[in-house]
Every structure is written in C-alpha cells, then in structure tokens.
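All figures in this text were calculated on a predicted structure; none of them were measured in a lab. Chain A is the first sequence line, chain B the second, and so forth, proteins listed ahead of strands; every chain is numbered from 1.
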Amino acid sequence: MKKLLILVLIISIVLMIGCTVENIVSNSEIHKHNEITIVTYNDTYKKYPVLQGYIDKFQLETGIKVKIDAIEANTYDDYIKKLNTKLYFKKGPTLILFSESENYSKYIDNGVALNVKGRINNYKKIYNSLKYKDSFVPIGMTYVATILNKNLLEELGMKEPNFNWTNKEYLHIKKKWLEEEPRYFNITEYKDIVVNPLNRLEIIDKDKKIVTLNNLKVKNVIKDAQKKIFSDNYIINSKYSYMDYYEMFFDYDSDKYLKSMRKDYHYENRNKVLKYRFGINGLKTLVTSTKMKKENLLILPRIDKDIGLKTWGFIVNKNGKNVEIGMKFLDGLLSDEVQLLMFNFSTYGGYPVNKNIEDKISKIERKNNVSKKAIELRKYILKKIKAGIYKPYRQIDSVKYEFQLMLHKDLMKLIFTDKLYTDEELSMELQKLENKYNIWLNE
Amino acid sequence: MIFESKKYKGLLFILPSLIGFGILYVIPFFGGIKYSVSKSSFNSTFVAFNNYTDVFKNNAFKIALKNTCFFMIISIPVLIVISFVIALMIYELKAPKIVKLSIMLPIAVPSGTVVGFFKKVFGFNGFNLIDSEYAMLVVILIFIWKNTGYNLIIYLAGLSQMDKEVIEASMIDGANYFQRLQYIIIPLFTPINVFVAIVTIINSFKIFKDIYMLQGSYPNPKIYMLQHYINNKFNDLQYEKLTSSAYIFSLMIFVVVFLLFILDKKHAKRVGGN
Amino acid sequence: MESKVLKISKNTIITFFTLVFILGFFSKSVVNLFIPKVQVTTPVKSTFSRTLNIKGKIVPKEKVKIRLAGSVIVEDYFVKIGEKVEKGDPLLKINKNYGVKSSYKDIDELKIDLKKEKFKLERLQNTTYNIDKMNVQLLEEKMKNMKEEIKKLEKLYKAGAITANKLHVKKQNLKSLEINLKKEKLMLQEKRKENQLEIQETLGNIENLETEISEAKNAKNFYYEISSDGICYSDVDGIVLNTNDTEVILPQDTVLIELGLVKNFNSVKFVTKIPEKYYNFISDADMIKINSQNDKMPDQVNITEVSKVINNKMIKIEGEFLNDNNSFPIINKEIKGIIEKKYVGEKTVPKIAVIPHDKFEAGKKGHVYIVLEEKGALGTEYIVKRVNITIKDVGDDVVSIDGIDMYDNPKIVINPSFKIRDGVKVRIWE
Amino acid sequence: MKKLLLVVLLIISLLYVYPIIFTFTSSFMSYEEIMSGNIHIIPEEFNLQQYYSIITFKGEYFHYFLNSIKLTSIIIFGQVIIGIFAAFAFAKMDFVARNLIFILYILAILLPFQVTLVPNYLVFDKIQRLINIKIFDTHTAIILPGIFTSFGVILLRQFIRNIPNEIIETAMLDGASYTKILFKIVLPILRPAIFTLIILTFIDNWNLVEQAIIFLDSPSKLPLSVFLENIYYNDFKVFYAGAVLYIIPSLILFIKGEKYLMEGLNIGGLK
C-alpha cells in the first residue's frame, strides 16, 4: 500500500506542475492597457482583407495593439454562448464584428452596444438606412441582385424587364419559360412558389408577437403550391417524401443537397435555368460589368425587397476596454481612402458605406470603362438605399427571419405529403403549428 | 456516539474540500441569485421578485416545467428500480463479465452516436415517434438506456460491501429470498439509494444534450424541457430570467432531496450510526 | 473451438486499435514529411542596380584625312598603322614624274583675272550720262519757246491776223518736238539699264573668281601640299589610323593617310552599340563603367550622345572619358564595359520570388507567394497565399514590386515550385 | 429458475449493447451506406476509409486524446484524495454545522450548469487578477471545478456511513488517531467505492463539453469530446470511427475497473 501511495503522489505532483506551468504568466499579459480586442466568429474576419490591411496600418500609426479574438466554435450557438459570457466582463472586448449573415439587433436591444452618434465623426458619412439605433457601425454592404439568363429570355422572345420590374412580370416570364419544357425542380423554384408568397402574407407580426397561420390565405397558398409543383411542369422524383426534399434544401452536408447544388451549376443545365440560385453583389460594378459582358447575364434588383441588402460591421461594447481607441479605429475604417480601397479590389469586403466617395467611384468606373448597365444598376440601388426603401431587414428584425426559416421547414411536411390533407386536417395542423410558434415567439 | 473531544479535527479534514467548494460553487451560487434579482443582466438595479413572477407568467416556462416534471417523475423511479433489479440479478447469478460490460458501456457512448441511432430507429423512416405526441417516450427510453450502467456500478459496489454475516443469519432463520430482500437488503441500502437518487436527478439534466442534438433549440413542444428554456434565455442575453427559472426549479428538486436526506438520517438512527 | 475464434477476433480487434492509435499519434510528423519546404524572406527597402554588358572601342574624336589635290601614284609610305606621328614628319612620297594632275587652275592666274574684273567693275560704276542729260534739257527748252509762240499765234489768229494753217504748222512742229523729247528720254533709260547689266555681270565674275580662289585655298589646306621633292609632311601630331595602297593611280580626293588627332584620353571617345530593346533603359542612364584591370586607362565614361537612329536593331552610343590618366589610349581595341543604372526600391524582393505574367519589365504584372501564419489545431500552421503584384523596377537579381502593402512585412517564398500553390500548407525551412 | 433469469439478463444486455455494436460496425461502412436509411449491422462492403482519413487528415484527433486523458486523470486524482478526507469527516466525525454544510454540498450540484457559468467566469477573473496567474484558456479552468465538485464527497460519505461504528471505536480505544483509522481500516473497506468514484468521475469528465467550450479559447487545448462534436457537425463522414476510438478508453477502464467493483471484502473477517 505504501509503495502505491508514493507512486500516486509522484504522478500527482508531475501532473499538477504540468497543469500549472501554463499558468505562470507575466503580469502585463493580464492587465493590458493600450490594446483593443475585436471578437469574431471563427475566422470570418478573413472574409474582409480590408480589415486586416487597415489593422496593420492602425497599429503602425498609433502603436496600439489590435488583437483579433477569433472564437473557435463548432456551431454558431456555441459561439454565441462564448460571446455572451465575455460580455459580462467589466473590461471585456472592445469591438464585436458581425459578418453579413450574423444578426446584431439582439445585442443592441439588450443594451450591450454603445450609442456612437456624434462620437465617431465619420459616422455621419454613412447612408442613413444602414444605421440601427445609432449603435451599429456598418463598414461594407452587399446587395444581392438576382441574375436572369439573357439568352434564354431572347429564346423565349420576351422583353427584357427594366429595373423596377414587379413580381407579376417575373411570373409572366416564368409561365412562358415553364410551358416550353418541364423544368428541374430546385430550391429557387421552391422559393418562388412557397416561400415568397408566404412571406408576403406577413404571417409573423413581430411587434404584437403573434403568428397567424390558421387562415384561408395560408391554406390557399399551400393548395396552390401543391397544384403547381405536382403539375407536369416540373420533373419530380416521385419516390421523394417530404424528408428527402427537406434534406435536399436544408441539410447542408447531406449528399442530396450537394447533388442539387452541383445540378444548379452543371453547365448544360445552367443555360436552361431562368433565375440563378445565387445572386451577385449588384453594387460592385467592376465585377458585374465583366460578368454581364462575359456570360451575357441580366442583373436586376430583387423583387422580394427585404432580404437583399446585408451589411457587415461592428458594435462597440459598452463596458469594453479602451472604448475611445476602438471608436478611433472605426473612424479610420470609415475614412474615404480605406472605403475606396474596398471598391477597387473585387473580393475586398463589399461595397463602401461612405457617401462622399461616390464621385471618386464613378471616376474609377470611367477609367476601367465599366458597362453603362452596371453603373445604372448601382445608381438605382443607391437611390433606393438613400430613400430608405432598401434596409438590412434580415439583420434588424432577426427574430422574425429565424422563425420564418423554421416555419418553412415545418410547412414542407404539409406541402409534400403523399396523401392530400382534407381541409379540417390542414387547419388542425396549421393550428398546432400556430400554437407552437406563439409559444416560441414570446418565450 | 460522537467523539466530542476532537471536534476541531473534523474541520481540519474537511478544510481542503471546503475551501475549494466554497470558492468555486458557493460564491457562484449566491452570484447567480444576485443576477436573478437584478433588472437585466447589464444593469443590476434591485428588482426583487418580479423576475420570478415574469418567469411564472411566461407559458413557455410553464410547458417546460410540465414536461420536465413529467419526465422526472416517471423516468427516475423506473431507472432506479431497473438498475437495482439488474444489479441484484448480476450479483446473485454471478453473471459473466460480458453482461456487466454491455450494460455499463452506454454511459461512455458520445451523444452523437446516441442521436444517430435513435434518429434512425424512431425518426422519420423508423417508428416516426420523435415528431409525434409520444416523443417523451423516446426521451425516457434514451435516458434509461444511457444511465442504467451508471447506477449499476454504484449498486454493485454497495452489494459487494454488504455485511455477509447479516444475510447468513437471515438465511438460517429460513427467510426466503424476497423476505430477505425486503427486510434486510433494502433497509441496509438506504444511504446508497439516497445517493443513487441524487445522482439520477443530476443525470436527468444531462439528457438535454441529446435532445438538443436531436432537435435543436426549438424541439417538438412535447419534449421542450426546462434546459431548452434556460439555454435559449442564455443565448438571448436574458440572464436574469435564466437564473430565476433555474432557482425555482432547483428549489423544487431540493425539497425532494431534503426528504431523502431525512430518510437517510432516520435510517442512520435505526442502525445505530452516529 | 468456439472460444478460439472468439480469442482470435478479440486479438485482431485489439491489435487493430492499438495500430490505429500508434499511427494516429505519429501521424502529425508523418504528414509533415509530405508538406513542401519553403524558404522565405521579407521585402526590404534597398537601392539596387541594373547592369548591361557592352563591348565598345576607343575612337579618336577628330580625324584628319590626307588627300592630294589631284590623282597621284604613291611610291612609298613612311609610317605604319598605329604609329605615332608628330608635326613635320614625312608621311608619303609620290611618283614625281606622274606628278599631280589636278583639275583645279592655279591660284595666281585666278587672282589676275579677279583684278581685271574688279577694274572693269569700277569703270562701269562711274560712267556718267552728262551729254544725254544736256540734250534732253535742250529739247525741253525748245518746246517751251514753241508753246509761247503758239500762244501768241493763237492770240493773233483770234485777232484774225494770221491764217489757220500757219498756226497749224506751228502745232505740227510742237508735236514733232515732243516726239523727239520722248525718244531722247527712252535712249537715256536704255543706256542706264545696259550699264546696270554690265555691272551685275562683272560682280558675278568677281564672285566666281573669289570662290574659286577660296576653294583652291582651302583645297590647299584641304589638300596636302606636296613639297617639291614629292614628299608630304604631316602638319599635325596623332597616330596613323590607316594608309592607302601604293603603286596605283589614286584619283583625286582619295584618302591616302588617315590620322587620329590623339594626344590623350580627352581627345578620344568611346563608342559602342546596344540592342534596341534597351532603349528606354539607356535613355536615362548616365555612366558607363569600363573594367580596365590590365591596360591603364580611366574606368569611367560619361555618355554624351545616344543616337536616335536605330540601324539593324542597334543603337550607337558615344561617351567621353571623365578622368585622364595621361596614358596613351589604344584605338580601336575592343573594350568591355557595363552600363549601370541605380534604382531605389521601396519593397524589393529577390527576382526568383516573382513569377511574371509576361516579361520582366517595369509596369508589367506578376505574382508572388506569401506565407500566412495561422493558429491551427496544433500550434501555428503556414498556409501559402498567391498575391498579384505589379513590377515597379527590375534590377539584375532584385525586383522592386508594388501591391503587397496590405500585409505587414509578409514572408515571401523565394523557392516557388509547382508544389507551391494557393492554400497549400507548407513548412518554413530555416 | 436461475437459468431463466440468466437468459433474461442476456437478452437485456444484448438490448443495451445493440447501439454500440451499431456504432462499431458503421465505423467500417462508407458514408453513403450509413446515410442509406435502414439500420443494418453487417456492412455491405467493409472499408477502412473512415479510419484512414482520421489518421491522415485528422491527425489532431490524437492530440486532443492526450488533452482529455490529462484532464480526466488530474481531476480523478484530486477528487479521490479530497473526497476521502471530506467524506470521512462528514460520515464519522462531528463538527459544528456538519449537516448544514452537507446540505449546501447537495444543493450546489443540483443547479444546472448555465446558472453558475457567468458567476464562475467572474470569480475566475477575480482570482486571475489577485494571484496574477492565467486561468482562462488553460486546463486549470476545467480542473479546479472538476476537483472540487461535491459529487465524490457525497458518494464516499454514503459508503462510509455503511461501515458500523464498532470497528472505529475499537480502533479508537487502541489509541489510533483519526488518520490511522482512515488509512488502516476505512480505506481497505472503501476500495469498491473508490473505484466506483474513479469510473464515474472518468465518465463525467470524459464527456464534458460545455465547460470546455466556454473556458478554453485556443483550439489546441480542447478535450476530445468537443472535437468529436466538431466532427459530428462539420465532418460527419469520419464521425463513427471517431466515436469508436472515443469509447475505447472507457471500455478499457470498465474492463480493468470492473474486477475491483465485485471483490467483496468480507468485513466480518476483520473483527
């Protein structure tokens, strides 16, 4: 027994030392003074090289260290957990970076973000409709314009729609396109038939926090969708149940999803597709004009106005460290030269949010002889943004869009059923869903 | 018989554990209470109980509480009985090692495989239970499958430590197996049973991990547990609601545990412990 | 039997898993073997130079070509090519009896003719026309008297004293006088014009004569004088560049001997030819360096003139020697030299690191590979990233580039190979 | 009767082990086969693709393996030592407010993890500033809470209470000090309980995920359980092989430890 005890003691000492050696650390590392930290999800900051470039410049000029705290996390929920714990610190992270797909409204509503109105002088240069309670500082924006297949339109002999084209025009073109030959049924078709009509019905009322599902309008949309999908316009795999379609559209690492993605890009299918699956940033005219020329595409603003515009930027953490320096950093990021850099390089972080440099941009466009159409599109979008019609809705009322996504997943079961639901069955199902969502909404 | 003379010695023995436990568990315990009474996680103005009343008014919390209690009331006793019975069978029948091993192994299985397997069996192309009304059944099944091994280990240790002499004496008196069981083994086992009950309660919190991986943070309302509510509140930065709901729940659990504790003390008196 | 199978399967499973663990633990180093090695440097601010090797020769600044005023036959040359010659040295001897058949008249004859012409000119210039002027005046007076008479007659006629035809006769006389006056004036003009013409003519002759004289004179210094004994003496000092052949009729104006007025390096220039593609490189280069290890001559040539004319793809460049070290230049010897041009580069990298998209020239596009450090699962990993750059200036082995200023002193790969592509994991080799 | 019970027992154990066999066999299947829906044990075509790709591409899997081993062994060791002393004190010795503290011990572990998460975070931050050692992003952030849970203390206390007092009194009469009693008498009897504690703490800390995600930042410090979850979410093709390798240490521990659980010491003999 004695021998065992001694042995155990030795091991424990070794392990203890092993574990404490990594703790001894110089004092400076813990109480850092002239340093600001930026928190990001995994390495999304890499998507914006302008940020990296500017950080080097900022560090050189001011001598203040800018530490990027890239939180590694398996899923986005884990990241949120970690970020939230960090926010409870007194001297927490200074800036939080939100990429285009992350939602910042929750942090602003809960009082984490600092109101920067008047404290960052470049802030007034930003387009007003991109601001949200003066607490979010956008740096770059993308407007995902839809792409139509031009030579297909010519084939169909249809008139090219202009910029303020409506949904009716689009459906008219689509009807003609469908009559020609049965088409492959993919997620863009699903969105046109089910998702967009439902979104227009304003099912989720965010302020009163009520979900209204069990009504005639929704039922009509579902019946109409079933009629359209199972009409012989689409090539449907009869064996597929709703689960298969669910996997094909939403389960990202299932091989059905990958096959459908590949089919969308497959060359020989590509020129038959009317509307491309993934849009393009309509504002970056250097890119759009070459694409228009090379692949003879027609790039138009979106019909569903609300999820086109997306911004990436920062919020300033109220009880973060060195908040003043953080704001100076953001001020530099919004300066004209840096924003202009973003326009010049194609993959450099979206379109600048700075109003003053529009004439410089048009000068660059003239220099690289950008096509007239591309410039028109950019001007059109900017006009709509200035008028406040286009807003980053998806990021502002994020709750609505999270539940909307979950809702569409549940509704798939009703649409792709083998046996058709009778009316009461349908309303019963809808009622069940309505109750469920009413609970979540005001959890 | 308590050894008064060496009263302070006890403290010396407990000191290391007490210090560590105090810093790492007691302070956060009261820290949590501070949050539960403050207005919101970022401005801590004292607002007493209206956090608690808000939580009670919220019907998502009500459903969660209902589901959790339903789950615990059913699964915990069932699990304890099953694991006790299996432990006895193994002990009496001197079952081969394979049996013990195969029942113990599920506790080591990562939740990924659990989800993969049960989704296939009870998912869409299986019995299609998860999305239906009887989803709770699947959850209880997973819980029992995963935790019998846990309690089995404790019971086996308890059985092997039991005092052989008492059993032989009862055998001589001609008590058949069941009478022996009822009058000797079970009473003797109360301290271990108390512990097993506490451990099973704690493990019932861990089932959340599997449900979370099965259906994400907004599952089928039938299996919407309290931990889902807590987890969602945590993500929505409403820390005050989270802490208040958790304290309500742990208060309820504590009442049950306190009863067990009294049972344990009563047993100790009867057996003549201290 | 059944337990044996069980045992075997148990063992296989155990060995399989132990194998998996062992391999797994060492996989990191195993994988490491396949990762390509890279050497890296960081771009640095430096001055660098671009050199161009050239071959040129020294050529005298001024050359004198000895020609004779007529066709001669040279009997013998007293000097050989490359020999130094001083003023007054004999150069060549001509065949006297063949003499010098020159197409030019003798200078003194020309002078006499010139004098004659000048005299004639004087005479013409001071001829006066007093006689003619007097005739004209006479006639004018006559006319005046006649007019008065007529006036009187008219008065008389009016008074009826005389007859119409007397008046008429008088008028006739007046008319004939006018005609004579006009004739006289014309005659006068004719004479004056004729006089002018003659003057012009004489002036022209004088001019011709003068040019002929001056021609003959500079032909005299253009041509070498042949002394009476048929020997031609040099009147400059320099070196003989080349001599003509002997015993053959050399027509007038052929160069018999060519002398380079070479005293020292100031009187010499360096001439070279470079391919046309280096035109813009040379246009603002200013200095040629001569590697003059063995022969003692100055090592720097200042480029004075770059010819704008390109013949058969070569550009002619001339330059003067800067410092003179009073040694005698060797003419027409092939000398090697380099043209060096200095650059100052903000971000310069070794030439091997840059992969040009078409040519290594200023302003052209290219790309480099930089190594980014990434916090991988096991400490830092190095990922290669391809960055497009523009070449600012090209040196011999160093290039100054533009377009990587967004990275803070990046590590640039200096041994790019086919294995190194965008996104590849690499290992830095010290 | 015994035979019948034994058969029933075998059936039950088969039921329990079926998912594990499923995991083991599907780790030899290719990705398409796994996703093909119906459950089948024998893989149509047997391939080692998953293991091969774990070894070559997921080399860091084994690095995390070491992390996990280090974490769990330190926690087990710490908890056993501290648990024994505290449990003995709670069970057999008396001191002021013993029951009150014990109730606090029980109450503390009833709370769900998220509640004590943020206060824990702030406590660590205070400690870090006071003693000036780095706690975040190091294994200590996981080890300290692991060692000082009251789980081990409660378990051992219940087992020590089973030991009749007479033995201890006789030892007291012989003049043995508490520590001698503890080592000489209590420990040998307590061996199965200690091994239970070792196995259970191993299981708890081997599967722990939340604490690791929150307190550890740099990826190279994470335990295996977090990385396995990462594989589950991002690289499902390799998941089943990873799961099998994940279960092996617990399997070995069970096989070795299980022997000690059953060796019933005849307490009577000690009298």
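- When heavy atoms are compared at a cutoff of 4.5 Å, D:Phe254 approaches chain B by way of both its backbone and its side chain.
- If you measure heavy-atom distances from B:Lys233 to chain D, you find no contacts under 4.5 Å at all.
- Only the side chain of B:Ile198 comes within less than 4.5 Å of a heavy atom in chain D; its backbone stays farther off.
- Here the side chain of D:Gln158 pairs no donor or acceptor atom with the backbone of B:Ile192 at under 3.5 angstrom.
- With a 4.5 angstrom heavy-atom cutoff, B:Tyr150 touches chain D via backbone and side-chain atoms both.
- Between the side chain of B:Tyr25 and the main chain of D:Pro145, a donor-acceptor pair closer than 3.5 Å is present.
- Contacts of B:Val257 with chain D are made by side-chain atoms alone, with heavy-atom separations under 4.5 Å and no backbone atom involved.
- Close approach to chain D, defined as a heavy atom under 4.5 Å from one of its heavy atoms, is seen in B:Ala246, B:Tyr247, B:Ser250 of residues 244-252 of chain B, taken by number.
- For chain D, the nearby parts of B:Phe254 are the backbone and the side chain; heavy atoms of each come within less than 4.5 Å.
- For D:Tyr240 and B:Thr113, the side-chain atoms include no donor-acceptor pair closer than 3.5 Å.
- Among D:Phe148, D:Phe102, D:Phe90, D:Tyr105, the one residue that satisfies the ring pair (Phe, Tyr, Trp, His ring centres under 6.0 Å) test with B:Phe21 is D:Tyr105.
- Contact of B:Ile202 with chain D is made through the side chain alone, with heavy-atom distances under 4.5 Å.
- Of all heavy-atom pairs spanning B:Gly32 and D:Pro119, the tightest one is N-CG, 3.7 Å.
- In this structure, the portions of D:Leu117 lying under 4.5 Å from any heavy atom of chain B include both its backbone and its side chain.
- Between chain D and the residues B:Thr243, B:Val115, B:Leu24, the largest count of heavy-atom pairs under 4.5 Å involves B:Leu24.
- No part of D:Leu253 comes within reach of chain B, as not one of its non-hydrogen atoms sits under 4.5 angstrom from that chain.
- Using a 4.5 Å cut-off between heavy atoms, B:Phe258 touches chain D through its side chain atoms alone.
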For side chain to side chain contact (heavy atoms under 4.5 Å, CB included), just list the numbers for D:Phe113 and B:Phe205, CA-CA rounded to whole Å, side-chain angles, deciding distance to a tenth of an Å, and then say yes or no.
CA-CA 9 Å; D:Phe113 154 74; B:Phe205 299 153; over 6 Å; no
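- Relative ring orientation between B:Phe13 and D:Phe88 is described as tilted, the plane-to-plane angle lying within the 30° to 60° band.
- Of the atoms belonging to D:Val115, heavy atoms from both backbone and side chain fall under 4.5 Å from chain B.
- The most heavy-atom pairs under 4.5 Å with chain B, out of D:Ala193, D:Ser150, D:Ser225, D:Ala87, come from D:Ser150.
- The NZ atom of D:Lys2 sits 11.5 Å away from atom CE of B:Met89, with the distance rounded to the nearest 0.5 Å.
- For D:Asn207 (side chain) and B:Ile107 (main-chain N/O), a donor-acceptor pair under 3.5 Å exists by modelled atom type.
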Using side chain to side chain contact (heavy atoms under 4.5 Å, CB included), reason through B:Asp264 and D:Arg157 one step at a time and then give a plain yes or no.
CA-CA 12 Å; B:Asp264 182 48; D:Arg157 174 188 181 268; 3.6 Å; yes
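- Aromatic pair D:Phe151/B:Phe195: ring centres closer than 6.0 Å.
- Looking at D:Ile109, both its backbone and its side chain come within 4.5 Å of chain B, counting heavy atoms on both sides.
- Looking at D:Glu210 and B:Lys206, no side-chain N of the basic residue comes within less than 4.0 Å of a carboxylate O on the acidic one, giving no salt bridge.
- For a residue to count as touching a neighbouring chain, one of its non-hydrogen atoms must lie under 4.5 Å from one of that chain's; by this rule B:Ile23 touches chain D with backbone and side chain alike.
- When atom types are taken as modelled, the side chain of D:Tyr16 and the backbone of B:Leu101 share no donor-acceptor pair closer than 3.5 angstrom.
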